[in-house]
Amino acid sequence: MTTTEIHTGRADHQAYIEAVRVALLLEDIQVGDAAFNAGVLRTAAMTLLPPDDDFDEPWHHTFVSAERVELRWNEEDGWSLLALHRSDGKSLPTIWRPGFGAVLPANEIRTWLALLLAMPGVSLSQEDGPYRSHQTDDPEFEASLAFYAI
């Protein structure tokens with residue numbers, strides 16, 4: 001067993017999430033530390049921090065006015081961006097998804113998110129998922145996650 005596997009034979013998703021996090025930081029998209037869950041359904045989430053006032057490409061008001069903006073991943077649906085807005089005493093979520101798979105390359109997530117944060121109207125949400133079931137053995141998926149730990 002390698003360090004990228006846990007006792008059930010599933011690959012650890014932390015290296016993949018960190019690769020995406022680093023790609024975002026290289027694009028000057030500031031993100032907080034990622035929170036991981038390796039339970040029955042592997043998940044991760046990281047808060048996006050608004051850019052400084054002198055940032056070249058400011059966020060669209062959809063995200064500036066949000067009380068929280070969070071990038072999420074899970075092994076069935078892949079990536080999504082959540083923006084919570086306060087309305088009538090409730091937090092109302094708006095969710096965008098890049099679509100086309102649960103383990104997209106880090107540079108694709110970076111490009112999708114950079115465009116979405118600046119111009120959400122141009123970045124349509126894809127509702128293609130879920131892409132897989134966490135209850136089914138999926139050696140290709142496990143290999144794609146394990147690749148990032150190398």
Requested in this report: Please assess L84 against L92 for the test side chain to side chain contact (heavy atoms under 4.5 Å, CB included), listing each intermediate value before the final yes or no.
Outcome: CA-CA 5 Å; L84 286 175; L92 302 176; over 6 Å; no
Requested in this report: Start with the C-alpha distance between I17 and W79, add both sets of side-chain angles, then the distance that settles side chain to side chain contact (heavy atoms under 4.5 Å, CB included), and finish with yes or no.
Outcome: CA-CA 10 Å; I17 303 303; W79 291 96; 3.7 Å; yes
Query - Evaluation steps, side chain to side chain contact (heavy atoms under 4.5 Å, CB included), between Y131 and V103 - result: CA-CA 10 Å; Y131 301 104; V103 182; over 6 Å; no
Nearest 0.5 Å please: distance from the [atom1] atom of [X] over to the [atom2] atom of [Y].
| X | Y | atom1 | atom2 | result |
| --- | --- | --- | --- | --- |
| I95 | S80 | CD1 | OG | 6.0 Å |
| L113 | L71 | CG | CG | 6.0 Å |
| D138 | E140 | CG | CD | 6.5 Å |
| L104 | T111 | CG | OG1 | 11.0 Å |
| T43 | H134 | OG1 | NE2 | 11.5 Å |
| F141 | E75 | CZ | CD | 5.0 Å |

Are [X] and [Y] packed together at the side-chain level, in the sense that at least one heavy-atom pair is separated by less than 4.5 angstrom?
| X | Y | value |
| --- | --- | --- |
| V69 | L82 | no |
| L24 | Q30 | no |
| W59 | P51 | yes |
| P98 | E108 | no |
| L117 | L48 | yes |

**Report entry** E67 atom CD, over 12 foreign heavy atoms within 6.0 Å
**Finding:**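 Enclosed.
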Requested in this report: Please report the C-alpha distance between W112 and L81 in whole Å, then the side-chain angles of each, then the deciding distance to 0.1 Å, and finally whether the side chain to side chain contact (heavy atoms under 4.5 Å, CB included) criterion is met.
Outcome: CA-CA 10 Å; W112 166 74; L81 183 69; 3.9 Å; yes
Please answer whether the main-chain N or O of [Y] pairs with a side-chain N or O of [X] as donor and acceptor at a distance below 3.5 Å.
| X | Y | result |
| --- | --- | --- |
| H13 | N74 | no |
| Y148 | E18 | no |
| Y16 | A146 | no |
| R42 | Q14 | no |

Report task. List the steps and the verdict of salt bridge (charged side-chain N to carboxylate O under 4.0 Å, His left out) for E142 and R10. Result -> CA-CA 6 Å; E142 300 303 333; R10 300 184 323 158; 5.8 Å; no
Query raised in the report: Could you go step by step and tell me if R132 and E76 meet the salt bridge (charged side-chain N to carboxylate O under 4.0 Å, His left out) rule?
Result: CA-CA 5 Å; R132 57 179 306 276; E76 289 188 340; over 6 Å; no
Query raised in the report: Going by atom types only, do S87 and H85 share a side-chain donor-acceptor pair under 3.5 Å?
Result: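 There is no such pair between these side chains.
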Query raised in the report: Are M119 and V64 connected in the hydrophobic side-chain network, where two residues link if heavy atoms are under 4.5 Å apart?
Result: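 No, because M119 and V64 fall into different hydrophobic clusters, even though each may have its own neighbours under 4.5 Å.
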Requested in this report: Examine L115 and W96 and state if one hydrophobic cluster contains both, with Ile, Leu, Val, Met, Phe, Trp and Tyr joined whenever side-chain heavy atoms are less than 4.5 Å apart.
Outcome: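 Looking at the clustering, W96 is in a separate group from L115.
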Query raised in the report: Salt bridge check: are R21 and D33 linked by an N-O gap of less than 4.0 Å?
Result: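 The answer is yes: the pair qualifies as a salt bridge.
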**Report entry** Pair F36 + W73: ring centers closer than 6.0 Å
**Finding:**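 Centroid distance F36-W73: not below 6.0 Å, so no.
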